[in-house]
Protein chains: 2
Amino acid sequence: MGATKTDHFTDQQNKIANIAKALGHPARIAIIEYLMKANECICGDIVNELPLAQPTVSQHLKELKNAGLIKGNIEGNSICYCIDEKTIETINKYFSKVINSVSKAKCC
Amino acid sequence: MGATKTDHFTDQQNKIANIAKALGHPARIAIIEYLMKANECICGDIVNELPLAQPTVSQHLKELKNAGLIKGNIEGNSICYCIDEKTIETINKYFSKVINSVSKAKCC
DNA sequence: AATTAATATTGCAATATTACGATAATGATT
DNA sequence: AATCATTATCGTAATATTGCAATATTAATT
(Lines give C-alpha, C1' and ligand atoms only; values in the text may rest on other atoms or scores of the structure.)
Protein backbone atom coordinates (compact mmCIF):
# COMPACT_ATOMS: atom_id res chain seq x y z
CA MET A 1 0.00 0.00 0.00
CA GLY A 2 0.95 3.66 0.20
CA ALA A 3 -1.21 5.17 -2.54
CA THR A 4 -3.99 7.54 -1.57
CA LYS A 5 -7.45 5.96 -1.90
CA THR A 6 -8.93 8.83 -3.91
CA ASP A 7 -11.82 6.73 -5.23
CA HIS A 8 -13.19 6.32 -1.71
CA PHE A 9 -13.84 10.04 -1.38
CA THR A 10 -16.09 12.51 -3.19
CA ASP A 11 -14.91 14.57 -6.17
CA GLN A 12 -15.32 17.70 -4.08
CA GLN A 13 -13.15 16.29 -1.28
CA ASN A 14 -10.47 15.25 -3.75
CA LYS A 15 -10.61 18.63 -5.48
CA ILE A 16 -10.12 20.63 -2.28
CA ALA A 17 -7.42 18.24 -1.08
CA ASN A 18 -5.57 18.61 -4.39
CA ILE A 19 -5.53 22.39 -4.20
CA ALA A 20 -4.39 22.27 -0.56
CA LYS A 21 -1.72 19.72 -1.43
CA ALA A 22 -0.33 21.98 -4.16
CA LEU A 23 -0.05 24.75 -1.57
CA GLY A 24 1.54 22.40 0.95
CA HIS A 25 5.14 23.29 0.19
CA PRO A 26 6.98 26.45 1.27
CA ALA A 27 8.56 26.91 -2.16
CA ARG A 28 5.13 26.99 -3.77
CA ILE A 29 3.86 29.44 -1.16
CA ALA A 30 6.93 31.55 -1.89
CA ILE A 31 6.08 31.49 -5.60
CA ILE A 32 2.51 32.61 -4.88
CA GLU A 33 3.83 35.40 -2.67
CA TYR A 34 6.26 36.56 -5.31
CA LEU A 35 3.44 36.74 -7.84
CA MET A 36 1.42 38.72 -5.26
CA LYS A 37 4.24 41.13 -4.56
CA ALA A 38 4.90 41.72 -8.25
CA ASN A 39 1.22 42.46 -8.79
CA GLU A 40 1.61 41.71 -12.48
CA CYS A 41 2.59 38.90 -14.76
CA ILE A 42 6.14 37.78 -14.23
CA CYS A 43 8.29 36.49 -17.03
CA GLY A 44 11.35 34.68 -15.78
CA ASP A 45 12.71 36.05 -12.48
CA ILE A 46 11.02 33.37 -10.38
CA VAL A 47 14.02 31.05 -10.60
CA ASN A 48 16.36 33.80 -9.39
CA GLU A 49 14.08 34.60 -6.46
CA LEU A 50 14.03 31.09 -5.03
CA PRO A 51 16.83 29.20 -3.25
CA LEU A 52 16.34 26.22 -5.54
CA ALA A 53 17.75 25.00 -8.85
CA GLN A 54 15.97 25.78 -12.10
CA PRO A 55 14.55 22.27 -12.71
CA THR A 56 13.15 22.18 -9.18
CA VAL A 57 11.41 25.54 -9.58
CA SER A 58 10.06 24.43 -12.96
CA GLN A 59 8.58 21.36 -11.30
CA HIS A 60 6.92 23.42 -8.56
CA LEU A 61 5.47 25.77 -11.19
CA LYS A 62 4.07 22.77 -13.03
CA GLU A 63 2.34 21.52 -9.90
CA LEU A 64 0.80 24.91 -9.18
CA LYS A 65 -0.38 25.04 -12.79
CA ASN A 66 -1.87 21.53 -12.64
CA ALA A 67 -3.79 22.48 -9.52
CA GLY A 68 -5.12 25.55 -11.34
CA LEU A 69 -3.43 27.97 -8.93
CA ILE A 70 -1.38 29.82 -11.54
CA LYS A 71 -1.64 30.48 -15.26
CA GLY A 72 1.26 30.64 -17.69
CA ASN A 73 1.24 32.58 -20.93
CA ILE A 74 3.99 32.06 -23.44
CA GLU A 75 5.58 35.39 -24.27
CA GLY A 76 8.35 35.00 -26.80
CA ASN A 77 10.95 32.63 -25.39
CA SER A 78 9.98 33.22 -21.80
CA ILE A 79 6.75 32.44 -19.92
CA CYS A 80 4.55 34.90 -18.14
CA TYR A 81 3.07 33.58 -14.89
CA CYS A 82 0.29 34.94 -12.71
CA ILE A 83 -2.10 33.77 -10.02
CA ASP A 84 -5.41 32.23 -11.09
CA GLU A 85 -7.91 33.93 -8.80
CA LYS A 86 -10.70 31.48 -9.41
CA THR A 87 -8.95 28.61 -7.68
CA ILE A 88 -7.86 30.73 -4.72
CA GLU A 89 -11.47 31.88 -4.43
CA THR A 90 -12.64 28.28 -4.46
CA ILE A 91 -10.65 27.33 -1.37
CA ASN A 92 -11.25 30.66 0.29
CA LYS A 93 -14.99 30.13 0.04
CA TYR A 94 -14.57 26.59 1.24
CA PHE A 95 -12.77 27.66 4.41
CA SER A 96 -15.31 30.40 5.00
CA LYS A 97 -17.95 27.70 4.95
CA VAL A 98 -15.98 25.67 7.48
CA ILE A 99 -15.63 28.66 9.80
CA ASN A 100 -19.34 29.45 9.59
CA SER A 101 -20.34 25.94 10.49
CA VAL A 102 -17.96 25.81 13.43
CA SER A 103 -18.90 29.10 15.03
CA LYS A 104 -22.46 27.86 15.48
CA ALA A 105 -21.56 25.24 18.04
CA LYS A 106 -18.63 25.51 20.41
CA CYS A 107 -17.78 22.78 22.80
CA CYS A 108 -14.01 22.16 23.12
CA MET B 1 18.05 14.61 -1.79
CA GLY B 2 14.30 14.59 -1.23
CA ALA B 3 13.85 16.50 2.00
CA THR B 4 12.09 19.85 1.88
CA LYS B 5 14.45 22.80 2.41
CA THR B 6 12.32 24.45 5.09
CA ASP B 7 15.20 26.56 6.40
CA HIS B 8 15.39 28.43 3.10
CA PHE B 9 11.92 29.87 3.56
CA THR B 10 10.33 32.22 6.08
CA ASP B 11 8.51 30.98 9.19
CA GLN B 12 5.28 32.38 7.78
CA GLN B 13 5.73 30.50 4.50
CA ASN B 14 6.47 27.27 6.32
CA LYS B 15 3.51 27.78 8.63
CA ILE B 16 1.01 28.29 5.82
CA ALA B 17 2.51 25.42 3.83
CA ASN B 18 2.20 23.14 6.86
CA ILE B 19 -1.47 23.89 7.34
CA ALA B 20 -2.15 23.43 3.62
CA LYS B 21 -0.19 20.19 3.63
CA ALA B 22 -2.29 18.82 6.47
CA LEU B 23 -5.41 19.58 4.41
CA GLY B 24 -3.85 18.04 1.32
CA HIS B 25 -5.45 14.62 1.71
CA PRO B 26 -9.07 13.70 0.96
CA ALA B 27 -9.38 11.64 4.15
CA ARG B 28 -8.42 14.67 6.22
CA ILE B 29 -10.87 16.86 4.31
CA ALA B 30 -13.52 14.19 4.95
CA ILE B 31 -12.72 14.33 8.68
CA ILE B 32 -13.08 18.12 8.70
CA GLU B 33 -16.39 17.82 6.87
CA TYR B 34 -17.66 15.23 9.28
CA LEU B 35 -16.85 17.52 12.20
CA MET B 36 -18.63 20.35 10.35
CA LYS B 37 -21.72 18.25 9.70
CA ALA B 38 -21.89 17.06 13.29
CA ASN B 39 -21.72 20.64 14.51
CA GLU B 40 -20.54 19.39 17.88
CA CYS B 41 -17.73 17.46 19.41
CA ILE B 42 -17.57 13.92 18.17
CA CYS B 43 -16.38 11.11 20.38
CA GLY B 44 -15.49 8.05 18.35
CA ASP B 45 -17.60 7.61 15.22
CA ILE B 46 -14.95 9.08 12.93
CA VAL B 47 -13.39 5.69 12.29
CA ASN B 48 -16.75 4.22 11.25
CA GLU B 49 -17.41 7.11 8.90
CA LEU B 50 -14.24 6.72 6.87
CA PRO B 51 -13.31 3.97 4.40
CA LEU B 52 -9.99 3.41 6.15
CA ALA B 53 -8.67 1.20 8.93
CA GLN B 54 -8.54 2.49 12.49
CA PRO B 55 -4.75 3.01 12.67
CA THR B 56 -4.86 5.00 9.43
CA VAL B 57 -7.62 7.27 10.70
CA SER B 58 -5.76 7.73 13.97
CA GLN B 59 -2.70 8.83 12.01
CA HIS B 60 -4.70 11.35 9.97
CA LEU B 61 -6.26 12.74 13.17
CA LYS B 62 -2.78 13.14 14.61
CA GLU B 63 -1.64 15.13 11.59
CA LEU B 64 -4.66 17.42 11.73
CA LYS B 65 -3.98 17.92 15.43
CA ASN B 66 -0.28 18.66 14.87
CA ALA B 67 -1.20 21.29 12.29
CA GLY B 68 -3.60 22.84 14.82
CA LEU B 69 -6.66 22.15 12.68
CA ILE B 70 -8.52 20.09 15.25
CA LYS B 71 -8.59 19.80 19.02
CA GLY B 72 -9.03 16.60 20.98
CA ASN B 73 -10.43 16.37 24.50
CA ILE B 74 -10.18 13.15 26.43
CA GLU B 75 -13.64 12.14 27.59
CA GLY B 76 -13.57 8.92 29.56
CA ASN B 77 -12.06 6.21 27.40
CA SER B 78 -12.89 7.94 24.14
CA ILE B 79 -11.69 11.22 22.66
CA CYS B 80 -13.83 14.16 21.68
CA TYR B 81 -12.69 15.93 18.52
CA CYS B 82 -13.68 19.28 17.06
CA ILE B 83 -12.38 21.85 14.58
CA ASP B 84 -9.98 24.54 15.80
CA GLU B 85 -11.39 27.71 14.26
CA LYS B 86 -8.27 29.78 14.82
CA THR B 87 -6.18 27.81 12.34
CA ILE B 88 -8.90 27.74 9.69
CA GLU B 89 -9.21 31.50 10.15
CA THR B 90 -5.46 31.89 9.69
CA ILE B 91 -5.45 30.33 6.24
CA ASN B 92 -8.76 31.89 5.29
CA LYS B 93 -7.33 35.34 6.01
CA TYR B 94 -4.20 34.43 4.14
CA PHE B 95 -6.08 33.48 0.98
CA SER B 96 -8.25 36.59 1.27
CA LYS B 97 -5.04 38.58 1.21
CA VAL B 98 -3.90 36.72 -1.91
CA ILE B 99 -7.21 37.40 -3.67
CA ASN B 100 -7.08 41.10 -2.77
CA SER B 101 -3.60 41.52 -4.15
CA VAL B 102 -4.46 39.74 -7.38
CA SER B 103 -7.66 41.58 -8.18
CA LYS B 104 -5.71 44.84 -8.33
CA ALA B 105 -3.76 43.90 -11.44
CA LYS B 106 -5.08 41.58 -14.11
CA CYS B 107 -2.98 40.63 -17.09
CA CYS B 108 -3.32 36.95 -18.01
C1' DA C 1 22.46 28.24 -39.59
C1' DA C 2 24.95 28.82 -35.40
C1' DT C 3 24.52 30.85 -30.84
C1' DT C 4 22.28 32.38 -26.88
C1' DA C 5 18.57 32.57 -23.39
C1' DA C 6 14.63 30.67 -21.07
C1' DT C 7 12.03 26.89 -19.69
C1' DA C 8 10.79 21.84 -19.67
C1' DT C 9 11.81 16.97 -19.33
C1' DT C 10 14.36 12.85 -17.99
C1' DG C 11 16.48 10.00 -14.75
C1' DC C 12 17.80 9.02 -10.35
C1' DA C 13 18.95 9.17 -5.30
C1' DA C 14 17.21 10.58 -0.79
C1' DT C 15 13.40 11.15 1.93
C1' DA C 16 8.40 11.36 3.12
C1' DT C 17 3.71 9.72 2.98
C1' DT C 18 0.08 6.34 3.01
C1' DA C 19 -2.02 2.32 4.67
C1' DC C 20 -2.65 -1.44 7.70
C1' DG C 21 -1.81 -5.68 10.75
C1' DA C 22 -0.21 -6.48 15.19
C1' DT C 23 0.20 -4.81 19.53
C1' DA C 24 0.15 -1.55 23.38
C1' DA C 25 -2.07 1.72 26.41
C1' DT C 26 -5.91 3.65 28.84
C1' DG C 27 -10.22 3.91 31.00
C1' DA C 28 -14.88 1.81 31.82
C1' DT C 29 -17.53 -2.21 33.09
C1' DT C 30 -18.37 -6.38 35.01
C1' DA D 1 -8.63 -8.19 38.72
C1' DA D 2 -10.40 -9.79 34.35
C1' DT D 3 -12.73 -8.16 30.29
C1' DC D 4 -14.22 -4.96 26.94
C1' DA D 5 -14.09 -0.68 24.22
C1' DT D 6 -11.53 2.99 22.38
C1' DT D 7 -7.56 5.12 20.69
C1' DA D 8 -2.41 5.22 19.94
C1' DT D 9 1.96 3.36 18.51
C1' DC D 10 5.17 0.21 16.09
C1' DG D 11 6.83 -1.96 12.16
C1' DT D 12 6.85 -2.40 7.45
C1' DA D 13 5.58 -2.53 2.45
C1' DA D 14 4.04 0.28 -1.39
C1' DT D 15 4.03 4.56 -3.37
C1' DA D 16 4.86 9.61 -3.78
C1' DT D 17 7.57 13.75 -3.28
C1' DT D 18 11.70 16.53 -3.39
C1' DG D 19 15.76 18.11 -5.48
C1' DC D 20 19.14 18.40 -8.96
C1' DA D 21 22.55 17.27 -12.86
C1' DA D 22 22.23 16.38 -17.50
C1' DT D 23 19.82 17.05 -21.48
C1' DA D 24 16.10 18.56 -24.54
C1' DT D 25 13.13 22.05 -26.40
C1' DT D 26 11.78 26.45 -28.05
C1' DA D 27 12.25 31.04 -29.65
C1' DA D 28 14.97 35.08 -30.24
C1' DT D 29 19.40 37.00 -31.83
C1' DT D 30 23.45 37.26 -34.29
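Chain letters run A, B, ... following the sequence lines, proteins first, then strands; residues in each count from 1.
- Judged by closest nucleotide on DNA chain C, A:Thr6 is the one of B:Glu75 and A:Thr6 placed further toward the 5' end.
- Here CG of B:Leu35 is found 11.5 Å from CG of B:Asp84. Values are rounded to the nearest 0.5 Å.
- Rounded to whole Å, atom P of D:dT18 lies 14 Å from atom CG of A:Leu50.
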In a table with atom names and distances, give each donor-acceptor pair under 3.5 Å that connects a side chain of residues 48-61 of chain B to protein atoms at least two apart or in another chain.
residue, atom, partner, partner atom, Å
B:His60, ND1, B:Arg28, NH1, 2.9

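- Between the CD1 atom of B:Ile74 and the C1' atom of D:dA8 there is a distance of 11 Å, rounded to whole Å.
- Contact check, B:Lys5 against D:dC20: a side-chain N or O comes under 4.0 Å of OP1 or OP2.
- If you take NZ on B:Lys71 and CD1 on B:Ile79, they are separated by 15.0 Å, rounding to the nearest 0.5 Å.
- Distance CG/A:Leu69 to SG/A:Cys82: 12.0 Å, rounded to 0.5 Å.
- Residue B:Leu64 contributes atom CG, which lies 12 Å from atom P of D:dA8 at whole-angstrom precision.
- Note that CE of A:Met36 and CD1 of A:Ile83 are 6.5 Å apart. Values are rounded to the nearest 0.5 Å.
- Taking atom NE2 on B:His8 and atom P on D:dG19, their separation rounds to 10 Å, with Å as the unit.
- Heavy-atom contacts from other residues, nucleotides or ligands closer than 6.0 Å to CG of A:Asp11 number 12 or fewer.
- A distance of 9.5 Å separates NE2 of B:His25 from CD1 of B:Ile31, quoted to the nearest 0.5 Å.
- For the pair A:Lys62 NZ and D:dT25 C1', the computed distance is 14 Å after rounding to whole Å.
- Atom pair A:His60:NE2 and D:dG19:P shows a separation of 4 Å (rounding to whole Å applied).
- Each of A:Asn92, A:Val98, A:Thr90 was evaluated against A:Tyr94; a single residue qualifies, A:Val98, per the side-chain contact (heavy atoms from CB on, under 4.5 Å) test.
- Spacing between atom CG of A:Asn73 and atom P of D:dT26 amounts to 18 Å, rounded to whole angstrom units.
- For DNA chain D, no neighbouring residue in residues 10-26 of chain B is found when judged by any heavy atom under 4.0 Å.
- As judged by a 4.0 angstrom heavy-atom cut-off over every strand, A:Leu52 is placed among residues touching the sugar-phosphate backbone only.
- Take the nearest nucleotide of DNA chain C for A:Gln59 and for B:Pro51: the residue whose nucleotide is more 5' is A:Gln59.
- Side-chain contact check for B:Tyr81 versus B:Leu64: every heavy-atom pair is 4.5 Å or farther apart.
- In this structure, A:Thr4 reaches the sugar-phosphate backbone alone: every heavy-atom distance under 4.0 Å involves primed, P, OP1 or OP2 atoms, never a base.
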Checklist outcome for this item: Once base and sugar-phosphate atoms are separated, protein heavy atoms under 4.0 Å mark nucleotides 1-8 of chain C, 5' to 3', with B, S and - as ----BSBB

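- Spacing between atom CD1 of B:Ile70 and atom C1' of D:dT7 amounts to 13 Å, rounded to whole angstrom units.
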